[in-house]
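Report on the following structure.
By convention in this document, chain letters (A, B, ...) are assigned in the order of the sequence lines, proteins followed by strands, and residues within each chain are numbered from 1. Computation of the quantities below employed the complete heavy-atom set of this structure, encompassing side-chain atoms and omitting hydrogens, waters and symmetry-equivalent molecules.
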2 protein chains.
Amino acid sequence: MKLNDRAETLLRALVELYINEGQPVGSRTLARKLKRSLSPATVRNVMSDLEDLGLIHSPHTSAGRIPTQEGYRFFVDSLLQIKPLEQLTLEEMQEKFSNESDPQLLLTKASELLSQVTHFAGVVLIPGQRSSLFRQIEFVKLASQRVLTILITDDGRVQNRVIPTDRSYAASELVEAANFFNQVYAGTSLADVRRGLLKEMQKDSDEMHRITATALAVAGKLFDDEDDGPDAVMLSGEANLLNVPDLCQIEKLQKLFDAFKTKQDLLDLLDRSMKVSGISIFIGGESGYRSLDDCSVVTAPYDHDGEIIGTVGVIGPTRMSYDEVIPVVDVTARLLSGALSTTSDRLE
Amino acid sequence: MKLNDRAETLLRALVELYINEGQPVGSRTLARKLKRSLSPATVRNVMSDLEDLGLIHSPHTSAGRIPTQEGYRFFVDSLLQIKPLEQLTLEEMQEKFSNESDPQLLLTKASELLSQVTHFAGVVLIPGQRSSLFRQIEFVKLASQRVLTILITDDGRVQNRVIPTDRSYAASELVEAANFFNQVYAGTSLADVRRGLLKEMQKDSDEMHRITATALAVAGKLFDDEDDGPDAVMLSGEANLLNVPDLCQIEKLQKLFDAFKTKQDLLDLLDRSMKVSGISIFIGGESGYRSLDDCSVVTAPYDHDGEIIGTVGVIGPTRMSYDEVIPVVDVTARLLSGALSTTSDRLE
DNA sequence: GTTAGCACTCGGATCAGCGGAGTGCTAATG
DNA sequence: CATTAGCACTCCGCTGATCCGAGTGCTAAC
């Protein structure tokens, strides 16, 4: 879509005004706002054109205009000039990430940071472990027939799981099995570990070494099912959205919070955005999920040593200051990537 | 406070009606509701007395009466007859707990259960680890200068923490240190472990055995600070409260969700209720926390092998069906206690 | 002690009227 | 030919008036 200069200037001014004030913008207001002094009548003519193009519309005859979803899209794609982040904010953000090395906590902090700085909801897609590399496993004997398994991956994440077993194992057996495991699989991806285990299992158990059998019996179940788990999306500051005037209708909030609870839509959305490099912006219903109808989602992928492993983002009303939110999301993703890399817990 | 029979019957009917309908109850309605056929006029007289006693009041001259906080309190203390739990609900609840042994997950499930069954918010106070018994510790070498510590307590909980260290330790050193630790402290409470460590630290480091020094260096920081952590309260189904008509004002919800975020008030409240055996009910502002003004909290402590270690509860509007919520909370606490005990991961 | 009757009060719904903000159209203007 | 001024028109939201229903408190009768 191509607009002439004047129309663009006008649309930009209109969207900015609406984002700031939250009320339909009339021709008079818009005319006053512009340096190039146009009369309200001229402005009206242009607005009429913009309305025909589907970029703005009036809620009713005698109200001003507000941007449509397409209007926001055009604004974001072609007109938006992103503000650089305030120095103070930047320092505050860096501050938050310094002195922290636990990957889990880093993700939590990123999410909190996003919600605090933007006053909307912060969201983090936590990478599935499928692609991480196996580093180490530990087995701890609990009550008879149950073993605590501790799986440590290359990116420093730790997963605990209690596994019921067929028989009771002696502590020494478990140590042997763990050692075996650690030697054989160190450095391979979890998916490969899984494949390896499946292969082992197909062998006849008689031929198997005793230690291997133990390892299989205990760890088999661990790798059996999906490891990504249902909690791959982390949300912070949902309550911030209660303050947002655009969403103050209970039913909207209900839909939204329902979506937050199930998390499936969010997960899909973030997963999609992970496949794009750089900032993604989903405006209103563009995402295709009705629950996010009045919301926009701004996301950016983050990486661990160059490989994209997840996404951070902000969920706010469609009427948000994109020029402020975008750099915040961008910087958060960068800081998070940085923090994850420098603290990378590689094997030596 | 003592009421005559008729007044009690009337008050009970009034509260029940109001809880069901959510609207001020007038004398005519109340008269119709009662089997003993009293005339509205008589009912009015009694209501007038009840109002003088501060148990009910009218929002305005020509509306019916609604219970005051004190009215609810009297109702709950003296008039409430608790419904037995429906068989179906009970089975559903048992279902949810079966096949689960991980204590962490059990707590999560309890919280979810409470919110699902009552359609309010479920809350669980997660016991601080201070009183749990030390079972086992593992040290895993990460990148140089950082060690992953895994602390396992007697109740089956597992705590991971990455600890930065002063120097780089060899894997063998860490194994030795862990063994040392496990032998010396197995079975003592975490508080005692902490005390023991402090004592060791005061000794001159020259006299110390090398292994002890390593153990101290790595684990010292782990026990240094409060281990209860900021996440000792777990909430589920907050979003359910959006559906509650009594709370549908945005500002109330804001206050409430703010409280949920900081969690401090909740923590205090639940902590108080842990010291009482059996169901506790905090009605409206009774708790002393303004954020819970329009809410009531119903709690019950749960135990692990007889020792009370935490609390489960439901947060809902003051106008809730106490006769239904109370048994749900009660049963949840029992089921949880049971599940924690039968799966108790004692050392053998 | 209980009840019937009655005047009174108050909130909520409905409606008309009004002012303001904004539009669309037309005709005039540079 | 683009721009502007003028004007009639529309529609929302606010205000005040009115009415109705629900409920009360009081008094007098049973």
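Rounding to whole angstrom units, CD1 of residue B/I66 and C1' of D/dA22 are separated by 16 Å. Atom P of nucleotide C/dC25 and atom CG of A/N45 are separated by 10 Å, given to the nearest angstrom. In this structure, B/Q23 atom CD and C/dG11 atom P are separated by 16 Å, rounded to whole Å. Between the P atom of C/dT2 and the CG atom of B/N4 lies a distance of 9 Å, rounded to the nearest Å. Look at CG on B/L30: it is 14 Å from P on C/dT3, rounded to the nearest Å. The distance between atom CZ of B/R28 and atom P of C/dT3, rounded to the nearest whole Å, is 15 Å. Between the P atom of D/dG25 and the CG atom of B/D52 lies a distance of 9 Å, rounded to the nearest Å. Between B/R32 atom CZ and D/dA22 atom C1' there is a gap of 11 Å when expressed in whole angstrom units.
Nearest to the side chain of B/A41, among C/dT3, D/dT4, C/dG24, sits C/dT3. Closest to the side chain of A/H60, out of D/dT24, D/dC12, D/dT4, is D/dC12. Listed nucleotides D/dC11, D/dT24, D/dA2 differ in distance to B/M47; the shortest reach to its side chain belongs to D/dT24.
Taking 4.0 angstrom as the limit, A/S58 places none of its side-chain polar atoms (N or O) nearer than this to OP1 or OP2 of C/dG22. The side chain of A/R65 contributes an N or O atom lying less than 4.0 Å from OP1 or OP2 of C/dG24. Proximity of A/R6 to the phosphate of D/dA2: no side-chain N or O atom is located under 4.0 Å from OP1 or OP2.
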Exercise for the section: Decide yes or no on salt bridge (charged side-chain N to carboxylate O under 4.0 Å, His left out) for B/D258 and B/K255, but give the supporting numbers first. Expected result: CA-CA 5 Å; B/D258 270 358; B/K255 272 203 303 182; over 6 Å; no
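The base of D/dC11 sits with one of its N or O atoms less than 3.5 Å from a complementary donor or acceptor on the side chain of A/S62. In the interface, the side chain of B/R44 is paired with the base of D/dG25 through a donor and an acceptor atom under 3.5 Å apart.
For CZ of B/R28, the number of neighbouring non-hydrogen atoms (other residues, nucleotides, ligands) closer than 6.0 Å is 12 at most. Within 6.0 Å of atom CD in B/E91, more than 12 heavy atoms from other residues, nucleotides or ligands are found, so the atom counts as buried in its surroundings.
There is a side-chain donor-acceptor pair under 3.5 Å between B/S296 and B/Y322. B/S115 and B/S236 are not linked by any side-chain donor-acceptor pair at a separation below 3.5 angstrom, with hydrogens and angles left out of the test.
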